[in-house]
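Here the structure comes first, spelled out in structure tokens, and everything after it is commentary.
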Amino acid sequence: MSQAWAWRKSSRSVDTDDCVEVASTGVEVRVRDSKRRCGDIVAVTPAVWGSFLRSLADPLPARRTDS
């Protein structure tokens, strides 16, 4: 089943298998644990995946120091 999808690893995980892999079906983006390739898969829309990736590139919001 999952062999039909072109899975790819992050370019930041070249030297390790501890990462996630993603595959695009054209309709959704599927995400799996590279160590558990037969395990669960999370599927999201391309818009949600793009939003997630943009959020990683944005700096973290300032933390409030007052309580």
Side-chain angles (χ1 to χ4, degrees):
M1 171 167 64
S2 64
Q3 288 77 11
W5 304 318
W7 292 98
R8 66 183 193 279
K9 288 178 21 172
S10 167
S11 60
R12 295 190 180 261
S13 61
V14 174
D15 297 327
T16 181
D17 286 333
D18 297 336
C19 65
V20 296
E21 296 176 322
V22 297
S24 176
T25 68
V27 176
E28 61 190 8
V29 177
R30 297 176 180 198
V31 184
R32 71 180 179 186
D33 183 341
S34 64
K35 294 178 301 209
R36 298 186 63 222
R37 291 184 173 153
C38 293
D40 294 334
I41 295 171
V42 175
V44 296
T45 66
V48 168
W49 183 249
S51 179
F52 171 70
L53 293 178
R54 283 188 300 280
S55 76
L56 296 177
D58 289 340
L60 293 175
R63 295 180 82 183
R64 291 184 64 173
T65 55
D66 59 328
S67 339

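Numbering starts at 1 and runs along the sequence shown.
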Inset, instruction - Please name all residues satisfying side-chain contact (heavy atoms from CB on, under 4.5 Å) with Val44, sequence neighbours left out, ordered by chain then number. - result: Val29, Val42, Val48, Trp49

Quick one: side chains of residues 50-57, donor-acceptor pairs under 3.5 Å with protein atoms, not counting sequence neighbours, listed by atom name and distance.
{"from": "Arg54", "atom 1": "NH1", "to": "Gly50", "atom 2": "O", "distance (Å)": "3.3"}
{"from": "Ser55", "atom 1": "OG", "to": "Phe52", "atom 2": "O", "distance (Å)": "2.6"}

Inset, instruction - Supply the atom-to-atom distance Ser24 OG to Arg8 CZ, rounded to the nearest 0.5 angstrom. - result: 7.0 Å

Inset, instruction - Could you tell me whether Glu21 and Lys9 make a salt bridge, using a distance below 4.0 angstrom between a side-chain N and a carboxylate O? - result: no

Legend entry - Validation row: Arg30, Ile41 side chains within 4.5 angstrom (heavy atoms): yes

